[in-house]
Every structure is written in structure tokens, then in C-alpha cells.
**Student:** 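Mind having a look at this structure? Questions to follow.
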Amino acid sequence: MATAAASLRYFPSSLRKRSPGDASGGLVKLSHRRALSAARVAAPSREAEPVASLGDLTRVEFPILHQEFDGAKLVYFDNGATSQKPNIVMKTLDEYYRSYNSNVHRGIHVLSAKATEAYEGARTKVANFVNAADSREIVFTRNATEAINLVAYSWGLSNLKQGDEIVLTVAEHHSAIVPWQFVSQKTGATLKYVGLTKEEVPDIEQFKGLLSNKTKIVVVHHVSNVLGSMLPIEDIVTWSNRVGAKVLVDACQSVPHMPVDVQKLGADFLVASSHKMCGPTGVGFLHGKLDILSSMEPFLGGGEMIADVFQDKSTYAEPPSRFEAGTPAIGEAIGLGAAIDYLSQIGMQKIHEYEKELATYLYESLISVPNVRIYGPAPCKTDHRAPLCSFNVENVHPTDIAEILDLQHGVAIRSGHHCAQILHRTLGINASARASLHFYNTKEEVDVFVHALKSSIDFLTSEL
Amino acid sequence: MDVSSLAAALPSLVAPTMNLKPRLAFPLHPFSARGGGAHPRGSVAVGCAHSNVPPPLRRAADEEDQGEDADPRLRLHRLAEEFRAVPEAGRARRLLAYAAALPRLGDADRVAANRVMGCVAQVWLVGRCDGAGRMRFAADSDSELSRGYCACLISALDGAHPDEVLDVDPADLAPLGVAAGTRSRASTWHNVLVGMQKRARAAIAVREGRSPAGSFPSLVIGRDGTVRAQGSYAEAQVSSPPLQFCLFSFRCLD
């Protein structure tokens, strides 16, 4: 799409003038119109061009997407597992290590001051991105899994005891379940699971019924990485607070795809991973309300998280430092900040709108393939369906499908239990295939995927 | 011979009698041309359209194979050469043909005790030492491609001596990758091989009068001498007779 490429020259440069954290997307629309008029000027004799989609416009910034395997262009549909990174993130990482890498917080010299400023600047960017009240409410961790473990060990072990209940859903990711199993074994608290309705979403009525004054914490996903459905977090927080229970939200599949406002959601804890939101691996964050974080015991012990160290005891720093022992992933956190700048300049609402279109297109295209069964609610039955579909094809193993799609068509999807074995057992299956999209994917890629899927199914069933 | 009913009738560790010459009723399918060249992306039509019915997988257990031909490493090497001779687009089809010819295990064998851990698909493996001191293997999976991998490994290792099974290096599997370079599905090959080697090790131990189980990190041995399997994988292993023998001998030491 030459005109799209030409128009993109205007698109990214206008992005860099934007201030970070601005999620309105208003200026982006202006540059989009400029891009379109540039396109028309470039080719005045043509008919009105089809409008370049967000996917068309942004994918130029993601070099990894432009490769081929055996003559087939890569179609990357495994974003639920990890997202790709735009040039600016890689440039930021490179620049960090090339010009100002230095340990943070304690140094006196100019490099250390610069690194500290950039690192703490990244913390502020994360705080603004999720509308936290205070940047001290953002704790950098290795990823969302570590963030959940932090809450489990640091809050859970001190606050839960025999007879207490932890409420989860059967659709939770293993990272949201297993740490609480450890806590349950150590404290005697028990885990209670909310099941699914026949629409294959967590049963909210059952959830309300499970809440009692024994419930001390509710651990739920915001958007399911298998079902694609979204939970009503604000309502869940309201109901949970009535019984005195805290709420931890696993926002790994929501923060990268839509505006998330922690003050509006009202949860006590919220976690996300950088690598799912166009940032580097090795960093993630926990958002926790400041008064709760202030009351929590440390998680890992070591340098940075102490105030004073004596032979027999130590005093601990205030949050967030209390929970950030040792040298952090400095460059990676700064890279996450650059990813947040990039996403903000597009606008999370704009990303969300585009992905809603993609989600519906993906679902409707996929369901038209014979013998395909998609899990989770249909788009017409729900307010929100993420741009992902976990599915099975009758009599064909999902791993075989994924393998043939990869080998013969260059299409990358995932097959397995997607770190949700309990959910798969609930659905009565061992494994499923999953195609998960992000804003740099396009409807054309969905068409390629569906064609390749039909071809792969033919290939695999023609032997039987 | 109806393998599945035979397998159901026998205890789970006895390998069902294998069809020595698997029947391949595999016509050249019209889709093989369509799946390739008709599609502008990727797969090559020519290889598919010209792919012949692959030769049946011969195995070390065949009576005609004596001496060196029965060495698993050589058989794997030969299999790798056969694969390399097939255009890439045809290799998956070849695996599927092998899968079609692989007898299915009966329900009695498709149990947790026989699961090969670490595979995305479910894979079951049975193995034992026969009266002539050779390892006999059978395997199955709910994934057709995995069945193809299993068929290849069984053709190479079924009927081999336990020491020969142990001699196979996972690196010997690398040339068998269905795709070129590093995109082979190493895990299924590797995990099934590891499973076969474990059973070979157990057979050697029994032959030498030792306890058949090696060191097993998932066992928890209490101070009072009780031995507890930790986790479903370990529990599945505990239920298998060689390890039960091992636990029995532990308890006897009190």
C-alpha cells in the first residue's frame, strides 16, 4: 500500500510532538486527515482510496512483522502470548545502554542521575497511563506473575488465616491461581472458584453468591486470554468491598488494548506485563493503593528496599522501594515508558475501537469455517470481546492445526492450554488453538489466516 | 490382528503385538495439488503432487533386519536421509501417512501412567523388554503429527537392545525436523525418546538385579521413612510397577 506508506511519513513525526499520557487521540485524527489528503495529492487520478486502517499505518513501525518463511509472509497472531515492539522502544533501549546506563538511586555522578531520572520518569508514565493517584503506587516487578506473587506473599501471608476464603474464577491464568494455592497451603485459607455460564463467561450471579464475610480477597481477570470476555470490575469491587474483601485485577489482556483507569475501577491491586504492551520483557508492574502498600511486609529482601541495616535487623523503605529489592531492570523500565509514549500517542481509545472491529471480523470470519467451535461469548452477546479467538476444529488436534499453519502458511498462532488448564477442563477439552491480534494486525491478515486454516484443515483431514 | 483389543486384554506394560508391515492405503489425494500451488502463499505444489506413497517404516523388530541395520542410530540416520530427500512441503504429509499406519493403543494403555510429559498434545508410550532381551515399544497420541513422530521413533527403536536405546543422542533427532533449520518440533521427539530411554534403563536395571528406578526428585522421603510422590507426574510414575518395586525396597530398609 504505497499511499499508506507515504502517508505514514506524516503519521509518526506528528506523534513525537505529542505529550505522553495523552489518551484523547484528537491530534491523531488530524494527522490522519493530513495523511489521507497527502495520499490524494500523491495519486490524484485514482478513485477515492480505501482508508488505511490503524493496522496498515502502524505496522511499518514494527520491523519484525515484515519477514517471510519459505515465501509466506509472517502473520503474527500470537499477541496474547507476547506483543511485538515498535522501533522507538528498541531505539530507547539501545540509547540507554549506549549513552547513560548506570545504576539508579544511589549514584552521585551524572550518568546515574540521568538513569534515575529516566527510570523514575518511566514510573510516572506508567502511573499516568493507568491514572494512578500517585506514582508511588506503581511497583516495578519482573512481570505480572511476579506482581501477583508479591501480593500473595507480602499481603496474603500476613492477612489470611484458616477459615478465610479467596475467590477466583475458573478462567484465571495459572499465574493468578498458583501463588494463591501456595498461600492456601501455608495459611489454611481456601480457594473458591466461580464457574461459567452457558454463554461461557464467568457466572456473576454465582460470584455474588460466593461472597461472604469469610471472603478476604477476590482475584479476577479483566479480560480473559482464552474467552475474550471482560468482567465488570467496578461492580465486582463494589460487591467485594461490601463484605470487606480486597480485589486484585489481572489486567494483562486489558491494559495493552484499551484505556484502563485504576481509580475508576477501584481495585486494591492491579497487575500487567510490559511485554504484552509493546514493551520489553523483564519488567511489569503492580498498582496498589498507597495505604495498602504502606501496610505490607516486604517481598524480596536486599539492597534498595531498606532504610537502615544493622546486624540483627533492618528497617524498610517506603513503597514502592520497599518492594523493589536489588538493581531493577532499568533499561527495560525506560523501554516500557517509551512503549507507553507510543501507545498514548496513538490513543488507547482509538486502539480499542479498531480492535473491536478486528475482534468482530475475526470472530465472524472464523465461525464461517466448517466444524469450527469458538470458546467464549459471541460478539453479539457481550459488550466487549477482545480481538482473540480460542477455537477447536472437530476431529483435528489444535496442535496439528497450529503446526501446519506455521509450516505451510507462515501463520503464527498458539495451541495448548494457554496457561488455563482449569478453564480447559471446565470446557471439557484438553487443548485449543488461539489466534490473538493486536492493533498492528489487519483484516487482510485475518483473511489470510482463515484461508490458511481451511487449507490446513483440508490437509489434515484428507488423510483420514 | 486387532491391536486395540489385544492391548486391552494385556496388562498395561506389555506392548501390543505390532503389525510388522504396516498397511499403507494412501492414494495420491487431489488436495495434495490444491494445497500447494493453487495457494499463492507458501507451500509448493510440485512436491506434493509428485510425492509417492512413502515406503512403510521398517523397524528393528523385523526378523529380516540383523546386525547393523537394527542399530537405532543408523535407522534414525537413514530416516533423516529419507526425509531430506522429500521436498519440504511433502514431509508433513509423510508424517501423516506414517501416523495413519500406526496402530492405536487401546484405552487400557491410554492412561496417566503412560503419559509422556512435556508434550503439548497427549502422548502415551508403553515399553517393555521381551524374552529375547529387546525393547518393545508402542505409542499413540491425540495429535496426528505427534503420531507420525511416534511412528518414526518406534520404527527406529522398537526391537532394539536397551543399551542401543540409551546410546541414541537427542541430537540424532535434529535432522528429522519436518521444517528446515531450527523450526522442528523438538519437544515431542525429545520427550518420547526420553521416555523410551527411561524404560530401557529400567529394563537394564532389572536385568542387572538393581532397583529399576533412578534418582527421582519428585519423591518426598519423610524422616519416618515414608515415601510420598509429589505431584501428578510423580504419582503417575509411582503407579508403574518398576517404581513400586523401588518404593517397596525403600520401605524394607527401615
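In what follows, chains are A, B, ... by sequence order, proteins preceding strands, each numbered from 1.
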**Student:** Nearest 0.5 Å please: distance from the CD atom of E144(B) over to the OG1 atom of T461(A).
**Tutor:**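 Output value for this atom pair is 11.0 Å.
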**Student:** Is it the case that atom NE2 in H77(B) sees more than 12 heavy atoms from other parts of the structure closer than 6.0 Å?
**Tutor:**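 No - once you tally the heavy atoms of other residues, nucleotides and ligands closer than 6.0 Å, there are 12 at most.
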**Student:** Looking at L191(A), I'd like to know if its CG atom is crowded, meaning that more than 12 non-hydrogen atoms belonging to other residues, nucleotides or ligands lie closer than 6.0 Å.
**Tutor:**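 Atom CG in L191(A) is packed in, count exceeds 12.
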**Student:** Check whether S456(A) gets within reach of chain B through its side chain, its backbone, both or neither, counting any heavy atom under 4.5 Å.
**Tutor:**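 For S456(A), no heavy atom lies under 4.5 Å from chain B.
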**Student:** So do the side chains of E403(A) and S146(B) get within less than 4.5 Å of each other, counting heavy atoms only?
**Tutor:**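 No, their side chains stay 4.5 Å or more apart.
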**Student:** Would you give the length of the straight line joining atom NE2 of H397(A) to atom CD of Q122(B), rounded to the nearest 0.5 angstrom?
**Tutor:**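 Output value for this atom pair is 6.5 Å.
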**Student:** Partners of D140(B) by salt bridge (charged side-chain N to carboxylate O under 4.0 Å, His left out), sequence neighbours excluded?
**Tutor:**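 By the salt bridge (charged side-chain N to carboxylate O under 4.0 Å, His left out) rule, D140(B) matches R104(B), R110(B), R147(B).
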**Student:** What distance do N430(A) atom CG and S143(B) atom OG have between them, rounded to the nearest 0.5 Å?
**Tutor:**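 So the CG of N430(A) and the OG of S143(B) are separated by 12.0 Å.
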**Student:** Identify the heavy atoms of A121(B) and T399(A) that sit nearest to each other, and give their distance.
**Tutor:**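 Heavy atoms of A121(B) and T399(A) come nearest at N-OG1, 4.3 Å.
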**Student:** Distance check, rounded to the nearest 0.5 Å: L407(A) atom CG versus L145(B) atom CG?
**Tutor:**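 Here the interatomic distance stands at 8.0 Å.
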